[in-house]
There are 4 protein chains.
Amino acid sequence: MAAFHFNITTGAGTPIYRQIGDQVRLGVATGALAPGDPLPSVRALADRLVINANTVAKAYAELVRDGVVESQQGLGFFVASKKRQVYSRAERLRRLHQALEAFVHEAVFLDFTADEIRESVDEKLADLELQPKPAGEKA
Amino acid sequence: MAAFHFNITTGAGTPIYRQIGDQVRLGVATGALAPGDPLPSVRALADRLVINANTVAKAYAELVRDGVVESQQGLGFFVASKKRQVYSRAERLRRLHQALEAFVHEAVFLDFTADEIRESVDEKLADLELQPKPAGEKA
Amino acid sequence: MAAFHFNITTGAGTPIYRQIGDQVRLGVATGALAPGDPLPSVRALADRLVINANTVAKAYAELVRDGVVESQQGLGFFVASKKRQVYSRAERLRRLHQALEAFVHEAVFLDFTADEIRESVDEKLADLELQPKPAGEKA
Amino acid sequence: MAAFHFNITTGAGTPIYRQIGDQVRLGVATGALAPGDPLPSVRALADRLVINANTVAKAYAELVRDGVVESQQGLGFFVASKKRQVYSRAERLRRLHQALEAFVHEAVFLDFTADEIRESVDEKLADLELQPKPAGEKA
DNA sequence: GTGGTCTAGACCACG
DNA sequence: GTGGTCTAGACCACG
């Protein structure tokens, strides 16, 4: 992997550590990050994003906990070869629907129509270049 | 309106004051709460939910700011007769995108694909029977 | 911006949290506070003014809601780079009329004539050198 | 005095007792209420306005304190023959400017121009039918 | 009775 | 370090 870019938006609702983790997950999902690829070092990424090193460390720790990346003592962090599925499908669906509920309620409260909501979701997903997964992968 | 029930989950991620606000908004949206209906008094609701009165007051204050309910000096809070359009279109879009960001981040975190996300949104919108706005009304 | 001073009058009619908010708004309006300038931390300001931290937090939260300042997670509050137009025209008019009502009631209570009231408003506006908006800017 | 009408707006910022007091003061100022004219009884006005009798009593008490009306034991309240000036001119100006300051700050914050502010004040004063005082009266 | 403001202090998330 | 939420309780204005 050559050029994998992180970008974070501070001040938004989403915590920085979560944004970092999500971008790694997304990279793995889209294939931008392949198994074995190294992640930037904690310090390097913290410097590049001008954020606290603890924040990067927290993001990486969560990725390790979830089996997305693996830590090689003294070498750094690498994309895991095969990802463990941490949450059960039921649990994942439960959390998805909870998040969805919050989003749709806010949108309805803001007086947006179903079409406007759908459109905004489509745009956002296109932005993320979230592609359907190749074949028989996780999820 | 006869029996409007509040129930809160403590220990969950969502703050109590927000849970209260959301339930009132939802009640208004579904018609369970009609314009002019009184809300429980701050102290009464605090007692009933076994939480602090300040927490209820904070929830109610936010509802007033958003034009959902109105305060009648010395009498308490009542569902607003006609919901005002408090926010500018730019602000409403900003809030929509912020809510969307949080939702999509959670979905990505949970490893759902773009198709799965879109599908879940469609289902949810269908559930709500959210129709295009008839005229100058809110959906 | 070097030295921005807050001073509050306790025992007056105006709540402390509002006095703080007003002083920030005024500072922003006059340019004493420039976009990006940090506000004192909640705890620091509370200590300096010898008031409770919650009171400062309440003031800051209102400023965030109104788009005057922005919160940077873990870093504190900063003057917003460009003031958003948060409220709809209807809402802004509603607030103007409410403020006007309070003012005129006080003036009538104090037995001032219509001419005296008008004159005092003219003087005040002249003082502020409030000019018609140049372009898409705020006055 | 035959038909003197009170109307109060509940839910606004101004307390009801203040609205009642202001309308009496205004009536006296415009001549709608002449010295010796009776005010509605506390109970009658409370019934008519569908408010608490304590609220009317509080308004009347303040008017008596300020020398606008006089209480005749067992008969009720009457417009005072000659009004005492309660506050010094300096004090009245101080309070006027304080109220004005709050109003103008709010208006400026809401992005209204000087012209818009002046216009809104003129309209409001016209609504109140606040006329210049006849001759060498108070104020 | 109603809500509004403020305090002192705890505990948590994020950086 | 930063802010966010919540509690328990006081005191006040308004009705």
Side-chain angles (χ1 to χ4, degrees), chain A residues 8 10-11 13-20 42 46 49-59 62, chain B residues 8 10-20 38-46 49-61 64 69-78, chain C residues 8 10-20 38-46 49-61 64 69-78, chain D residues 8 10-11 13-20 42 46 49-59 62:
Chain A
I8 57 166
T10 170
T14 326
I16 298 175
Y17 83 92
R18 189 68 177 271
Q19 296 183 46
I20 295 172
V42 169
L49 299 178
V50 196
I51 59 177
N52 195 296
N54 290 335
T55 307
V56 179
K58 183 170 184 174
E62 200 180 45
Chain B
I8 57 166
T10 169
T14 330
I16 298 175
Y17 80 91
R18 183 171 297 279
Q19 296 182 44
I20 295 172
L39 295 187
S41 84
V42 169
R43 286 171 172 98
L45 186 54
L49 299 178
V50 195
I51 58 176
N52 193 279
N54 286 337
T55 304
V56 179
K58 186 173 183 176
Y60 282 10
V64 169
V69 311
E70 286 165 355
S71 159
Q72 298 263 336
Q73 266 178 351
L75 294 178
F77 294 91
F78 300 81
Chain C
I8 57 165
T10 169
T14 330
I16 299 174
Y17 80 92
R18 183 172 297 278
Q19 296 182 44
I20 294 172
L39 296 188
S41 84
V42 169
R43 286 171 172 97
L45 186 55
L49 299 178
V50 196
I51 58 175
N52 193 278
N54 286 336
T55 304
V56 178
K58 186 172 183 175
Y60 281 10
V64 169
V69 311
E70 286 165 355
S71 159
Q72 298 264 334
Q73 265 178 349
L75 295 178
F77 293 90
F78 301 81
Chain D
I8 57 165
T10 170
T14 326
I16 298 175
Y17 82 93
R18 190 68 175 273
Q19 297 183 45
I20 295 172
V42 169
L49 299 178
V50 195
I51 59 178
N52 195 296
N54 290 335
T55 306
V56 179
K58 183 169 185 176
E62 200 181 44

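Every chain is numbered from 1, with letters handed out A, B, ... down the list of sequences.
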Taking for C/Arg18 and for C/Leu75 the nucleotide of DNA chain E with the nearest heavy atom, the one nearer the 5' end belongs to C/Arg18

Walking DNA chain E from its 5' end, the first of A/Tyr17 and C/Thr55 to be reached, judged by nearest nucleotide, is C/Thr55

By ring pair (Phe, Tyr, Trp, His ring centres under 6.0 Å), D/Tyr17 pairs with (sequence neighbours left out) none

Inter-residue atom distance [X].[atom1] - [Y].[atom2], 0.5 Å rounding:
| X | Y | atom1 | atom2 | value |
| --- | --- | --- | --- | --- |
| C/Leu75 | A/Asn52 | CG | CG | 9.0 Å |
| A/Ile16 | A/Ile51 | CD1 | CD1 | 5.5 Å |
| A/Thr55 | A/Gln19 | OG1 | CD | 11.0 Å |

- Message: Within the structure provided, determine whether C/Tyr60 and C/Pro40 are in side-chain contact (heavy-atom separation under 4.5 Å).
- Response: yes

Under 4.5 Å between any side-chain heavy atoms of A/Ile20 and A/Val56, yes or no? yes

**Request:** Please confirm whether the backbone N or O of B/Phe78 pairs with a side-chain atom of B/Gln72, one donor and one acceptor, at under 3.5 Å?
**Result:** no

Span of DNA chain F engaged by chain B, first through last nucleotide within the 4.0 Å heavy-atom cut-off, is F/dT5 to F/dG15

Applying the Watson-Crick and G-U criteria (both distances under 3.5 angstrom) with [ ] for crossing and | for other-strand pairs, one obtains for DNA chain E ||||||||||||||.

Closest heavy-atom pair, D/Ala53 versus D/Ala46, reported as atoms and distance to 0.1 Å, is CA-CB, 3.7 Å

Sugar-phosphate only, base, or nothing, as touched by [X] at under 4.0 Å among non-hydrogen atoms:
| X | answer |
| --- | --- |
| B/Tyr60 | nothing |
| B/Asn52 | base |
| C/Ile16 | sugar-phosphate |

Assert: residue with more 5' nearest nucleotide on DNA chain F, out of C/Pro40 and B/Arg43, is C/Pro40

Comparing nearest nucleotides in DNA chain F, the 5'-proximal residue of the pair D/Lys58, C/Val42 is C/Val42

